[in-house]
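Quick notes on the structure that follows.
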There are 2 protein chains.
Amino acid sequence: MFVIGERINGMFKNVAEAIKKKDKAVIHDLAKKQIAAGANALDVNVGPSSDNPKETMEWLVRSISEVTDITLAIDTTKQDVMEAGLDACKAKSIVNSVNANDDKLKNLLPLAKKYNSSIIGLTMDKSGIPKDSEGRLELAMKIVASCMEHGIDISDLYIDAVILPVNVAQVHVKEVLKAIRESKMLADPAPKTILGLSNVSQGSLSKYKSLINRTFVSMAISAGLDAAIMDAEDNDLMEAAITAELLMEKQLYADSYIGAYKKSRDLH
Amino acid sequence: MFVIGERINGMFKNVAEAIKKKDKAVIHDLAKKQIAAGANALDVNVGPSSDNPKETMEWLVRSISEVTDITLAIDTTKQDVMEAGLDACKAKSIVNSVNANDDKLKNLLPLAKKYNSSIIGLTMDKSGIPKDSEGRLELAMKIVASCMEHGIDISDLYIDAVILPVNVAQVHVKEVLKAIRESKMLADPAPKTILGLSNVSQGSLSKYKSLINRTFVSMAISAGLDAAIMDAEDNDLMEAAITAELLMEKQLYADSYIGAYKKSRDLH
C-alpha cells in the first residue's frame with residue numbers, strides 16, 4: 001500500500017508549537033521517523049490555527065525538503081496555500097484535495113496539471129457526503145470526467161470515498177468499502193483509491209483506536225484500497241496492512257514476509 | 001460472529017493424550033475455557049490417530065456434555081463416527097462436514113435431518129478444491145440444491161468456501177472472499193458462510209499466525225462471513241472479529257464496544 005504519513009499536521013500540538021517557534025528540528029524528525037517506519041509520502045497540513053497559512057506551508061515544505069525528497073501531499077482547502085505548497089515542493093507532489101464541487105475542480109485541476117501532481121478527489125460536494133456508495137460513486141465519476149477533460153492521467157487520481165468516524169456514522173463504513181470496490185470500474189485504467197484512515201476511529205476510546213484502524217484497513221485493502229493517509233509509526237497498523245496485501249496477493253508470499261517487506265524498503 | 005472453538009481435536013497433543021488416558025478433566029477444561037473466551041459452539045474431532053474413533057467420539061461428546069449444553073460440531077469424515085457423535089449429543093449439533101460429492105450428500109443429509117443438525121458444506125468434491133470463486137460457487141449451489149431436496153432449511157446450512165494455507169495457495173485467498181460474498185446470492189434466505197480459519201496460516205511462521213488469522217478474519221467478515229471454526233482463546237483474534245462486526249454494523253456502536261460485547265455474553 002502507498003502510505004502517506006499523517007503526522008506533519010498543525011492539528012498536532014508538537015507541530016503547532018514547531019510552526020510557532022519555526023523549529024525545523026521537530027519537522028525534520030517527524031519526516032525522518034515516518035519514512036523510517038514505512039511512509040511512501042508525507043502529508044503536510046498547516047493546521048487550523050495558522051495566522052499565515054501560505055507562509056507556513058512554504059516553510060513546512062522547505063523544511064521537509066532539507067531532509068528528504070519523498071512525495072509530499074499538500075493538504076489544504078485554500079487555493080493560494082495549495083499553490084504555495086506545490087510551488088515550494090521540489091519533489092513529486094499530491095493535491096490534497098479536490099472534491100466534486102465545480103469551482104474546486106476548475107481551480108485545482110489546472111494547478112495539478114501545471115505542477116505534474118497526483119490528485120486526491122473526495123467524493124463530496126456542497127451537499128455534503130452521500131450516505132450510500134451510489135452517491136459516492138456519482139461524485140467520483142464527476143471527478144474522473146473532470147480530470148479527463150483537463151488532460152490528467154486517471155492513474156494519477158486517487159478517489160477518496162471519505163470514511164467518517166464509526167462512532168457517529170457506523171452505517172457509512174460498508175458503503176465506503178463498496179464505493180472503493182466499485183471505483184475500480186469507473187475508468188480503464190482505473191483510478192486509484194485512498195482513505196484518510198484515522199478518521200474511522202476519531203472519537204472512539206484511545207485504547208480501541210489502533211484496533212479499529214487496523215481492522216478497517218484490512219477490510220479496505222480486501223476491497224481494493226491502494227493508499228491511505230495514516231499513522232505510519234503505528235507498527236501494528238503497518239503489519240496489518242502488509243499482511244492484508246500479502247493475502248490479496250499484492251506481495252509474493254515469503255515466510256518472513258514482514259521482514260522481507262521492511263528490508264526491501266530499508267525500514268527499521 | 002458465530003465462533004466454533006477448534007481446540008477439542010485429537011490433532012492437538014494434549015487432546016490426544018487425554019483421549020488415550022480417558023482423562024475427562026482436560027476435555028472439561030478445554031470446553032469451559034473456550035466458552036469463557038467467547039465460543040458459541042465447540043468443534044469435536046477425534047484426530048488422526050484414534051484406534052476406535054466411534055467410541056472416542058462418543059466419549060468426547062459425553063464428556064463435554066457433562067459441563068455444557070453448548071452446540072457441538074461433530075467433525076469427522078466417517079459416517080459411523082458422525083452418527084455416533086450426533087446420537088451422543090444432547091444439545092444442538094452441527095454436521096461437520098458434507099461436501100459436494102453425491103455419496104456424502106446422500107448419506108449425511110438424512111442424518112442431519114434426523115438429528116435436526118445444522119450442516120457445514122465444503123465447496124469441494126472428488127476433483128478437489130476449485131481454484132476460483134466460480135468453481136466454489138458451483139459446488140455450493142449443488143449443496144444448496146441437495147439440502148432443498150432433503151427438506152433442510154437453507155438457514156441451517158453453512159457454506160465453507162475452504163481457505164487453504166496462504167503459504168502454498170496465496171492465489172486462493174481472494175477467490176474465497178469472493179465466494180463468501182457471492183454465496184449470499186445462492187438462495188433466499190441465503191445460506192450462512194463459515195471458514196476453518198486457522199488453515200489460512202497453517203505452515204506460516206508461528207510469530208505471524210495470529211496476525212494472518214486476524215487480518216484474514218477482518219477481510220472475511222467484510223465479505224459477509226457469519227461463522228468460523230477458530231481459536232476462541234486468541235484474544236487478539238476475537239477482538240479483531242468483534243471490531244470487524246462493529247464496522248459492518250452487526251453490533252451497535254458503543255464506546256466500550258468490546259467490553260459491552262463480552263459483558264452481554266458473560267465472557268472473561
Side-chain angles (χ1 to χ4, degrees), chain A residues 163-178 180-181 200-201 203-225 235-261, chain B residues 163-178 180-181 200-201 203-225 235-261:
Chain A
I163 185 68
L164 293 166
V166 63
N167 70 333
V168 293
Q170 193 176 4
V171 67
H172 279 254
V173 181
K174 58 171 111 57
E175 300 300 322
V176 169
L177 294 172
K178 204 170 161 213
I180 291 171
R181 194 173 298 119
V200 70
S201 62
S204 287
L205 295 183
S206 296
K207 65 176 173 178
Y208 293 147
K209 279 181 192 255
S210 174
L211 173 62
I212 292 172
N213 291 346
R214 63 182 181 259
T215 304
F216 181 57
V217 89
S218 304
M219 295 172 150
I221 288 172
S222 75
L225 188 72
N235 189 54
D236 289 340
L237 175 61
M238 287 295 287
E239 291 196 352
I242 295 166
T243 303
E245 293 219 314
L246 180 87
L247 290 165
M248 292 306 287
E249 229 190 344
K250 291 196 174 174
Q251 190 192 336
L252 264 184
Y253 184 85
D255 280 336
S256 57
Y257 67 94
I258 288 183
Y261 176 86
Chain B
I163 185 68
L164 292 166
V166 63
N167 71 332
V168 293
Q170 193 176 6
V171 67
H172 279 254
V173 180
K174 58 171 111 54
E175 300 301 323
V176 169
L177 294 171
K178 205 172 161 209
I180 291 171
R181 195 172 297 118
V200 70
S201 62
S204 288
L205 295 182
S206 297
K207 65 176 173 178
Y208 293 147
K209 279 181 192 258
S210 173
L211 174 61
I212 292 172
N213 292 346
R214 63 183 182 258
T215 304
F216 182 56
V217 89
S218 304
M219 294 171 151
I221 288 171
S222 74
L225 188 73
N235 189 53
D236 289 339
L237 176 61
M238 287 295 286
E239 292 196 352
I242 295 166
T243 304
E245 293 219 313
L246 180 86
L247 290 165
M248 294 306 289
E249 230 190 342
K250 292 196 174 172
Q251 189 192 336
L252 264 185
Y253 185 86
D255 281 336
S256 57
Y257 66 95
I258 288 183
Y261 176 86

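A note on names: the letters A, B, ... follow the listed sequences, proteins ahead of strands, and every chain is numbered from 1.
Taking A:Tyr261 as the reference, nothing meets the ring-ring contact (aromatic ring centres under 6.0 Å, His included) condition, with sequence neighbours excluded.
Checking B:Thr243 against B:Tyr257 by side-chain atom types alone, a donor-acceptor pair falls below 3.5 Å.
Residue A:Leu247 touches chain B through both its backbone and its side chain, counting heavy-atom pairs closer than 4.5 Å.
Ranked by heavy-atom pairs under 4.5 Å with chain A, the first of B:Val217, B:Leu252, B:Leu211, B:Val173 is B:Leu211. When A:Asn167, A:Val168, A:Leu177, A:Ile212 are compared by the number of non-hydrogen pairs under 4.5 Å with chain B, A:Asn167 comes out ahead. No other option in A:Arg181, A:His172, A:Lys207 has as many heavy-atom pairs under 4.5 Å with chain B as A:Arg181.
The list of salt bridge (charged side-chain N to carboxylate O under 4.0 Å, His left out) pairs with a residue in residues 166-177 of chain B, not counting sequence neighbours, reads A:Glu249-B:Lys174.
Checked options A:Ser218, A:Ser204, A:Ser201; the residue passing with A:Asn213 is A:Ser201 (criterion: side chain to side chain donor-acceptor pair (under 3.5 Å)).
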